[in-house]
There are 2 protein chains.
Amino acid sequence: MTPVVSHHLTYLAREKQQITISNAQRRQQGEDLILKVAEEVFAKHGFHGATVTEIGKCAGLPKANIHYYFSSKEKLYQRVLEDVIDLWLEASQQFEDFDDPAKSLTAYINAKMDLSRTRPNGSKVWANEVARGGSRIQTHLNTRLKQWVESREVWINRWIERGQMRPVNAKYLLYMIWASTQHYADFDTQIIALNNNKPLSDEQFEEAKSCIVEVILKGVVIYDNP
Amino acid sequence: MTPVVSHHLTYLAREKQQITISNAQRRQQGEDLILKVAEEVFAKHGFHGATVTEIGKCAGLPKANIHYYFSSKEKLYQRVLEDVIDLWLEASQQFEDFDDPAKSLTAYINAKMDLSRTRPNGSKVWANEVARGGSRIQTHLNTRLKQWVESREVWINRWIERGQMRPVNAKYLLYMIWASTQHYADFDTQIIALNNNKPLSDEQFEEAKSCIVEVILKGVVIYDNP
DNA sequence: GTCTATAACCGGATAGAC
DNA sequence: GTCTATCCGGTTATAGAC
């Protein structure tokens, strides 16, 4: 279990540093593993339904070890939540990469859909927390998210002024995109049930993606007709 | 607290019947009140986070009374869920009233949006349950919901054949409508935060409704160009 | 039917050995 | 750092007085 350190190392100082780094890395690995399974367990049972014992069991540890890495269940949950927010903001940068509504919206929708595919549990934890309306996320809603939305509104309104988009309320358009993409994570159970109890294949998922892209683009974008 | 019964009643039998009905009604009222506040509390805290004590307090009763009306927390929760499903199926009949995609989709979206406006808590409880992916709703997903979706697919595909709609996967279109409309219930906290911490006014909500209707219609409906 | 008091249980957190 | 044993608060459910 202890890190394997070569006995051939000439410099003791170097060996010591090696061990230090290794321990830090191991701690990091422990945290990462716990965060990963915690996201799963919180998504499956909600904050109150999830138990530290189960998180431990999924990580192959007794629950006392969880408390060694994270002082409390609440703190662990907040870390999971923060990681989801970071991920979300990362994906939302896709919006900025083009000065053309069709390209920007397509890239953004695809990025959000990929997140729903790869991190459905993160999306569920987030959805849950928002539905509860608790104070844990109020700060984020009123600062980073608010700012991001306002900056996107400026862009969308500019596209509308230029005649590249039909006049549409930017916020309600964003809500439609968030809802349509996150649905594939938050409601995956329902989608599976309606797909003969099989998860969507990659092909089906791509079809779902382009369905959303097409509807949104045809719904709001004005194309030049030369 | 006991029902007021007129002393002028001539027939004892009638009086007795009156009392019987009245008691039944009172029991019904008790159940309805509890179901109403239970939906609220379950929506706010989730199944495990909600406590029978709080449900009782919100209904002005000690928790033992809740157990008098509903044998367990689990049973009460299931009743709340069933009521939400019934409501959902009721609204979904709006889809059937027209043999024209634009009219049908508009009516359906409006009905779903009205539900999000009037019963956001029901929507949250449902969303939560689906996200958990538990067995409580599996039967419904695999029977009534599946059948409803399949029958709608037939209609949508017919509209496509007739050239009234662009070729689009019916299921993915339905998911987009569900997601976009339910979002206004499930994510109301987020929407409020992004609206200067004020709930959407009736005017704003109508604007959101027509935003969804317009995007979906322009996204999928083909209009005759005479 | 309604309410108080209590039983039985469970989960988060910690003490302390290793 | 890791794990076992334990404490303590809170929750469901019920017994039993009124």
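Side-chain atoms are counted along with the backbone in the values below, which use heavy atoms only and exclude waters and symmetry mates. Here is the naming used below: chain letters follow the sequence lines, and residue numbers restart at 1 for every chain.
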(request) From the options C:dG12, D:dC3, C:dC3, select the nucleotide whose nearest atom is closest to the side chain of A:Leu61. (result) D:dC3
(request) Return the nearest nucleotide to the side chain of B:Asn65; candidates are C:dT2, D:dC3, C:dA13. (result) C:dT2
(message) Can you confirm if the NZ or CZ of B:Arg117 lies within 45° of the ring axis of B:Phe205 and under 6.0 Å from the centre of its six-membered ring?
(response) yes
(request) Using the six-membered ring of A:Phe47, assess whether NZ or CZ of A:Arg136 lies under 6.0 Å from its centre and within 45 degrees of the ring axis. (result) yes
(request) Mind listing the residues from residues 30-51 of chain A sitting with a heavy atom below 4.0 Å of DNA chain C? Number order is fine. (result) A:Ala50, A:Thr51
(request) Please list, by residue number, the residues of residues 67-83 of chain A whose heavy atoms come closer than 4.0 Å to an atom of DNA chain C; answer none if no residue qualifies. (result) A:His67, A:Ser72, A:Lys73
Using a 4.5 Å cut-off on heavy atoms from C-beta on, say whether the side chain of [Y] contacts that of [X].
X	Y	result
A:Ile212	A:Ser180	yes
A:Phe95	A:Leu174	yes
B:Tyr77	B:Glu129	yes
B:Gln182	B:Trp88	yes

Just how far, in rounded Å, is [atom2] of [N] from [atom1] of [X]?
X	N	atom1	atom2	result
A:Lys63	D:dC8	NZ	C1'	12 Å
A:Ile66	C:dG12	CD1	C1'	12 Å
A:Ile55	C:dA13	CD1	C1'	14 Å
B:Lys57	D:dG10	NZ	P	12 Å
A:Arg27	D:dT2	CZ	P	9 Å

(request) Show your working on side chain to side chain contact (heavy atoms under 4.5 Å, CB included) between B:Leu173 and B:Ile216 and close with a plain yes or no. (result) CA-CA 9 Å; B:Leu173 173 61; B:Ile216 294 285; 4.2 Å; yes
Hey, could you give me the [atom1]/[atom2] distance between [X] and [Y], rounded to the nearest 0.5 Å?
X	Y	atom1	atom2	answer
B:Leu115	B:Asn110	CG	CG	11.5 Å
B:Ile85	B:Leu145	CD1	CG	9.0 Å
A:Cys211	A:Met113	SG	CE	9.0 Å

(message) Please report the end-to-end axis angle for the helix from C:dG1-D:dC18 to C:dC18-D:dG1, five pairs per end, rounded to 10 degrees.
(response) 10°
Could you pull out every donor-acceptor pair under 3.5 Å between side chains of residues 189-199 of chain A and any protein atom, sequence neighbours left out?
{"unit_1": "A:Thr189", "atom_1": "OG1", "unit_2": "B:Val130", "atom_2": "O", "d": "2.9"}
{"unit_1": "A:Asn195", "atom_1": "OD1", "unit_2": "A:Gln204", "atom_2": "NE2", "d": "3.0"}
{"unit_1": "A:Asn195", "atom_1": "ND2", "unit_2": "A:Lys198", "atom_2": "O", "d": "2.9"}
{"unit_1": "A:Asn195", "atom_1": "ND2", "unit_2": "A:Gln204", "atom_2": "OE1", "d": "3.2"}
{"unit_1": "A:Asn196", "atom_1": "OD1", "unit_2": "B:Lys146", "atom_2": "NZ", "d": "3.3"}

(request) Taking ring-ring contact (aromatic ring centres under 6.0 Å, His included) as the test, write out the residues that go with A:Phe187, two or more places apart. (result) A:His183
What N/O pairs connect the protein and nucleotides 15-18 of chain D at under 3.5 Å? Give each pair on its own line.
none

(message) side chain to side chain donor-acceptor pair (under 3.5 Å) for A:Asn23 and A:Arg27? Distances and angles first, verdict last.
(response) CA-CA 6 Å; A:Asn23 281 344; A:Arg27 174 161 192 120; over 6 Å; no
